[in-house]
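Taking it in order: structure first as structure tokens, then the write-up.
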There are 2 protein chains.
Amino acid sequence: MADSSFRAKHRANPLFLRDAELRQAMELLFFAYRDFTQEADAILTDYSFGRAHHRVIYFVGANPGITVSELLQILKITKQSLSRVLGELINDSFVHQRTDKADRRRRRLYLTAKGADLERLLTDRQSQRVAGAFRAAGAEAVEGFRTVLRGIINEEDRQRVARPARPTAV
Amino acid sequence: MADSSFRAKHRANPLFLRDAELRQAMELLFFAYRDFTQEADAILTDYSFGRAHHRVIYFVGANPGITVSELLQILKITKQSLSRVLGELINDSFVHQRTDKADRRRRRLYLTAKGADLERLLTDRQSQRVAGAFRAAGAEAVEGFRTVLRGIINEEDRQRVARPARPTAV
DNA sequence: GCATTTAAGTCAGTGTTATTGACATATATG
DNA sequence: CATATATGTCAATAACACTGACTTAAATGC
């Protein structure tokens with residue numbers, strides 16, 4: 001701590017508060033993510049699923065017909081890790097596969113009705129949390145939130161984030 | 001997906017874009033957190049540590065003299081889970097304990113010089129990422145980012161996030 | 001002073017998520 | 001037909017988390 005305050009004092013002059021500010025930002029990210037995932041995690045327990053299952057259900061729901069390799073690029077996990085989770089979801093009929101007609105090596109993934117139900121159950125809780133924060137913060141703050149988060153994401157993945165058709169009116 | 005668009009169309013009239021917007025927000029959180037932790041995770045591997053070790057190092061660094069139970073409340077994990085991680089950090093001399101003078105049941109935690117070095121190594125990378133995003137986004141966006149994230153955090157934990165002395169000048 | 005509570009630590013067993021490495025199969029493409 | 005690509009699988013390992021039961025030491029309330 002002694003060292004950290006030393007560091008802060010010896011940075012670019014007009015930005016004394018930089019360290020404290022960045023530290024705060026990192027804590028905000030940690031706590032927000034912790035609480036953002038918490039409710040969905042609790043629901044998943046009832047299905048003997050974990051956060052990884054949610055991620056798959058979410059991204060398959062958001063991108064119907066997504067292939068296995070596209071999903072791997074989004075999640076940045078190994079094929080073997082995905083395999084277990086995806087296998088369980090297919091086995092329990094939350095997700096189903098269809099071989100691509102043009103390229104029969106590709107398996108396109110879709111949510112079943114059951115899968116869509118679970119996706120809604122999980123995502124709705126999280127949506128409500130975010131919606132509450134959006135409403136309280138106002139449209140301008142929401143725009144700032146998006147801009148900063150986009151800046152934190154690796155440049156090559158920024159285009160992966162879904163873009164709503166028009167800008168916000170909160 | 002069919003169901004989800006149905007849902008969107010049947011919500012409060014002036015907010016057609018709500019679903020897509022909230023979905024985007026959730027993806028931004030996912031990708032930003034994924035990339036935010038990625039670099040630090042890679043460094044931790046060299047020490048045979050994981051993200052949990054980083055969290056302990058971070059919060060002990062930010063709150064010198066924090067007690068074990070306070071740390072548990074922040075991390076929201078069990079005593080047994082913390083025990084392994086904290087034990088390793090103490091064993092490897094990244095963290096040290098000192099019995100509280102007033103209440104000798106309490107163990108106050110501090111980073112050693114070695115621990116502070118590692119904390120800096122890890123946090124600096126993440127700071128730079130956030131600093132870059134802040135710089136690109138501008139002061140107003142930063143304020144919005146903070147407001148929205150604060151709103152996502154459970155009300156009872158909002159006061160836990162460190163507050164810099166004065167508002168931003170980015 | 002003694003019962004109770006609190007703070008911390010420990011032992012044992014389990015489960016989820018992830019990893020690396022090696023390999024198999026089917027299909028597409030040059 | 002050789003090579004590359006997409007997917008899947010087997011095996012071993014590790015990090016991180018959990019539940020449940022228990023211990024020790026110290027503080028606190030009556």
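Quick note on labels: first sequence line is chain A, next is B, and so on, each numbered from 1. Only this structure's heavy atoms are used, side chains among them; waters, hydrogens and symmetry mates stay out.
- Atom CG of A:Leu72 is separated from atom P of D:dT7 by 8 Å (rounded to the nearest Å).
- Of the candidates C:dA28, C:dC23, C:dT17, the closest approach to any side-chain atom of A:Asp103 belongs to C:dA28.
- Within a 6.0 Å sphere centred on CD of A:Glu155, other residues, nucleotides and ligands contribute 12 heavy atoms or fewer.
- Counting only heavy atoms from C-beta on, B:Ala52 has its side chain closest to D:dC16 among D:dC16, C:dT17, D:dA15.
- B:Arg51 comes within contact range of the sugar-phosphate backbone alone, with a heavy-atom separation under 4.0 Å but no base atom that close.
- A:Lys76 places its NZ atom 18 Å from the C1' atom of C:dT17, with the value rounded to the nearest Å.
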Applying ring-ring contact (aromatic ring centres under 6.0 Å, His included), run through B:Tyr58 and A:Phe30 and close with a yes or a no. CA-CA 11 Å; B:Tyr58 176 85; A:Phe30 168 74; 8.2 Å; no

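- Residue-to-nucleotide contacts include a donor-acceptor pair under 3.5 Å from the side chain of B:Arg105 to the base of C:dT6.
- Rounded to whole angstrom, the span from the NZ atom of B:Lys79 across to the C1' atom of D:dG20 amounts to 11 Å.
- Expressed to the nearest 0.5 Å, how far CG of B:Leu44 lies from CZ of B:Phe49 amounts to 8.0 Å.
- Comparing atom distances between the B:Ser69 side chain and each of C:dG9, D:dC18, C:dA7 picks out C:dA7 as nearest.
- Of the candidate nucleotides C:dA8, D:dG8, C:dT20, C:dT20 has the atom lying nearest to any side-chain atom of A:Gln80.
- Of the candidates C:dG9, C:dA18, C:dT20, C:dT20 carries the atom nearest the A:Thr78 side chain, counting heavy atoms from C-beta on.
- For B:His53, the side-chain atoms get nearest to D:dC16 when compared with the rest of C:dA18, D:dC16, C:dG9.
- The closest side-chain donor-acceptor pair between B:Arg160 and B:Asn154, if any, does not fall under 3.5 angstrom.
- Of the candidates C:dT10, D:dC16, C:dT19, the closest approach to any side-chain atom of A:Ser81 belongs to C:dT19.
- Side-chain contact check for B:Thr37 and B:Arg51: at least one donor-acceptor pair (N or O, by modelled atom type) lies under 3.5 Å.
- Nucleotide D:dA17 holds its P atom 13 Å from the CG atom of B:Leu86, rounded to whole Å.
- Rounded to whole Å, atom P of D:dA15 lies 13 Å from atom CG of B:Leu89.
- Look at CZ on A:Arg34: it is 12 Å from P on D:dA17, rounded to the nearest Å.
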